[in-house]
S.K.: 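Take a look at this one; I'll ask things after.
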Amino acid sequence: MGNKGWPVLGETIEFIASGFTSQPVSFMEKRRSMYGKVFKTHILGRAIIVSTDSEVNKIVLQNQGNTFIPAYPKSITELLGQNSILQINGPLHKRVHALIGGFLRTPIFKATITQVIHHSVQLNLASWSNIQLLYVQDQARKITFEVLMKVLMSLDPGEDLNSLKEDFEEFIKGLICLPIKLPTTRLYKSLKAKERLLKIVGRIVEERKATMEIRNNNNNNKERGVGNDVVDVLLQESYDSDESRRLPLDFITGNIIEMMIPGEETVPMAMTLAVKYLSDNPVVLDHLREENMELKKKKMIDNLGNCTWTDYMECLPFTQNVISETLRLANIINGVWRKATKDVDIKGYFIPKNWCVLASFISVHMNEENYEKPYEFNPWRWERTGNTVNSNMFTPFGGGQRLCPGLDLSRLELAIFLHQLVTKYRWIAEKDEIVHFPTVKMKRKLPISVTSISMT
């Protein structure tokens with residue numbers, strides 16, 4: 001059941017229009033009420049089946065590679081290419097996913113990155129009180145991009161970092177757009193920006209490879225190091241593998257760029273929207289500040305230094321609830337696209353071979369059957385439901401074999417930002433609106449004025 005809409009355009013115009021309203025899920029809700037939780041439509045140049053059913057979504061996510069393979073809008077496939085980690089499937093994807101996830105879970109990395117994030121947030125927030133009116137969205141992107149470049153390439157502030165940031169912002173604008181590559185179109189401009197990104201990142205990867213070969217050749221024991229960043233991990237894996245299993249340098253380069261997308265989109269927008277929601281909910285803000293002030297005073301009294309990974313992830317439960325509620329309400333990643341490799345029946349819904357499926361996360365997160373008063377910002381709801389990322393009702397980081405390996409890192413970065421923000425500043429936010437297309441962002445970048453506060 002469903003409607004393919006107009007020839008060529010399908011229902012794309014209505015789908016895009018809903019992203020500029022206060023209820024972006026209205027496109028899905030209207031069709032769910034007419035056709036049921038799973039329906040057919042045609043958007044962004046492709047005929048698809050949309051699932052707003054959490055159980056169907058779970059099966060689609062868990063059957064990765066067996067029954068469903070990645071399939072994204074034409075603009076995304078054009079920009080990322082066939083060797084993208086979003087596109088690849090099977091053993092290669094599992095291998096790369098496991099390598100990155102294993103690295104991000106190492107105790108050495110956790111200890112190091114906690115201090116890196118702490119330093120970056122502290123340094124950037126220190127300038128806030130000198131700015132009469134600042135834009136949270138821009139400030140958050142600056143913080144997260146610095147941290148992201150450290151994680152991926154150990155890149156410090158400088159010319160390369162500035163160039164990468166500028167080109168990446170141009171590149172990402174074309175992820176969701178009409179798939180037309182004529183000069184002056186959005187997709188064409190984004191493809192040109194990617195060419196510039198590949199040049200910079202490719203040079204960095206080549207230089208790192210040369211350095212690693214010298215180090216490994218001088219290491220008679222051939223002991224494998226943990227690696228300082230993701231480039232190290234992927235290059236070392238290639239060095240240790242036989243020739244047939246080595247990861248090509250262009251594969252590593254392309255996927256380093258792709259890994260910027262969730263880190264640069266999800267975290268800074270979650271930071272921005274957390275400030276927005278807290279500004280609109282002073283009772284929540286007071287409770288959050290109280291919890292974080294208590295931890296800060298304890299660390300000062302006991303002379304324990306900066307907070308650790310464990311402090312942020314386990315000793316600030318309400319802060320983690322605020323993060324979960326922000327991710328649920330914001331729906332920065334609103335769904336994933338998959339293609340059926342064979343005919344499949346899920347809960348009585350028939351999905352034909354080669355049809356694409358959009359597993360809609362936003363429809364599940366904003367459904368009152370799953371969350372009481374879903375449009376209300378209520379972090380206390382998580383005291384009842386828990387913060388599990390394995391729940392098919394809560395999927396801000398995806399699920400199944402493609403569950404984002406950086407989900408804990410994202411939560412850590414958000415926790416550090418909120419901790420330092422609420423214990424050092426008070427702020428007044430100007431009126432602003434959330435736009436949900438092509439990606440989630442603030443219409444005015446969330447202007448605020450801040451004043452410093454002191455410990456008492």
Side-chain angles (χ1 to χ4, degrees), residues 111-169 172 229 260 262-279 285 288-289 292-293 295-296 299 305-309 311-312 316 319 322-323 326 330 332 406 409-430 432 441-442 444-455:
T112 301
I113 200 60
T114 300
Q115 296 310 310
V116 167
I117 298 171
H118 177 89
H119 177 73
S120 179
V121 172
Q122 186 176 51
L123 197 63
N124 281 279
L125 291 189
S127 67
W128 282 27
S129 56
N130 298 323
I131 305 174
Q132 188 173 1
L133 187 70
L134 60 88
Y135 296 88
V136 179
Q137 188 170 296
D138 287 342
Q139 295 292 325
R141 286 189 185 280
K142 183 180 179 183
I143 293 169
T144 57
F145 200 76
E146 288 178 3
V147 172
L148 185 61
M149 292 303 98
K150 274 287 188 182
V151 173
L152 294 178
M153 297 181 285
S154 298
L155 197 61
D156 292 317
E159 185 178 343
D160 279 345
L161 182 69
N162 294 336
S163 297
L164 283 170
K165 189 175 189 301
E166 182 179 337
D167 288 332
F168 182 78
E169 288 173 355
I172 204 167
D229 54 38
M260 297 179 190
E264 175 58 9
E265 278 297 296
T266 307
V267 181
M269 284 317 306
M271 285 181 178
T272 304
L273 291 170
V275 175
K276 160 71 173 168
Y277 296 142
L278 291 170
S279 303
L285 176 56
L288 179 71
R289 179 172 282 124
N292 281 271
M293 281 294 195
L295 175 61
K296 185 171 184 176
K299 301 291 283 189
N306 294 333
C307 295
T308 65
W309 176 290
D311 290 327
Y312 288 117
L316 294 171
T319 302
V322 167
I323 292 170
T326 298
I332 300 163
L409 177 60
S410 299
R411 282 185 170 274
L412 173 73
E413 198 166 353
L414 288 163
I416 293 175
F417 171 76
L418 290 174
H419 175 75
Q420 295 208 35
L421 177 64
V422 301
T423 58
K424 293 182 178 180
Y425 296 99
R426 297 187 187 278
W427 69 89
I428 298 175
E430 294 191 358
D432 202 355
K441 57 185 178 293
M442 300 302 301
R444 299 181 56 216
K445 301 183 180 181
L446 191 58
I448 66 170
S449 54
V450 302
T451 54
S452 299
I453 58 178
S454 58
M455 296 286 289

S.K.: Given side chains that start at C-beta, do those of Tyr135 and Asp432 come closer than 4.5 Å, heavy atoms only?
M.R.: no
S.K.: If we count only N and O atoms by modelled type, under 3.5 Å, do the side chains of Asn124 and Gln139 hold a donor and an acceptor together?
M.R.: no
S.K.: Please report the shortest heavy-atom distance between Leu278 and Val322, naming the atom on each side.
M.R.: CD2-CG1, 4.4 Å
S.K.: Please give me the minimum heavy-atom distance between Tyr425 and Gln420, naming the atom from each residue.
M.R.: CD1-O, 4.4 Å
S.K.: Please report the interatomic distance CG(Leu412) to CD1(Ile113), rounded to the nearest 0.5 Å.
M.R.: 8.0 Å
S.K.: Can you name the nearest heavy-atom pair linking Met260 to Phe168, along with the distance?
M.R.: CB-CE1, 3.4 Å
S.K.: Can you tell me how far NZ of Lys296 sits from CG of Asp311, rounded to the nearest 0.5 angstrom?
M.R.: 13.5 Å
S.K.: Ion pair present between Arg141 and Glu265, side-chain N to carboxylate O less than 4.0 angstrom?
M.R.: yes
S.K.: Indicate yes or no: does Glu169 engage Lys165 in a salt bridge with an N to O separation below 4.0 Å.
M.R.: yes
S.K.: Ignoring hydrogens, what is the shortest heavy-atom contact between Met442 and Leu273? Give both atom names and the distance.
M.R.: SD-CD2, 3.5 Å
S.K.: Identify the heavy atoms of Ile323 and Ala415 that sit nearest to each other, and give their distance.
M.R.: CD1-N, 3.7 Å
S.K.: How long is the gap from CD1 on Ile332 to CE on Met269, to the nearest 0.5 Å?
M.R.: 6.0 Å
S.K.: With no hydrogens and no angle check, just 3.5 Å: does a side-chain donor-acceptor pair link Asp229 and Ser154?
M.R.: yes
S.K.: Which class fits the ring pair Phe417 and Trp128: parallel under 30°, tilted 30 to 60°, perpendicular over 60°?
M.R.: perpendicular
S.K.: To the nearest 0.5 angstrom, please state how far the NZ atom of Lys150 sits from the CG atom of Leu152.
M.R.: 12.5 Å
S.K.: Are more than 12 heavy atoms, taken from residues, nucleotides or ligands other than Lys445, located less than 6.0 Å from that residue's NZ atom?
M.R.: no
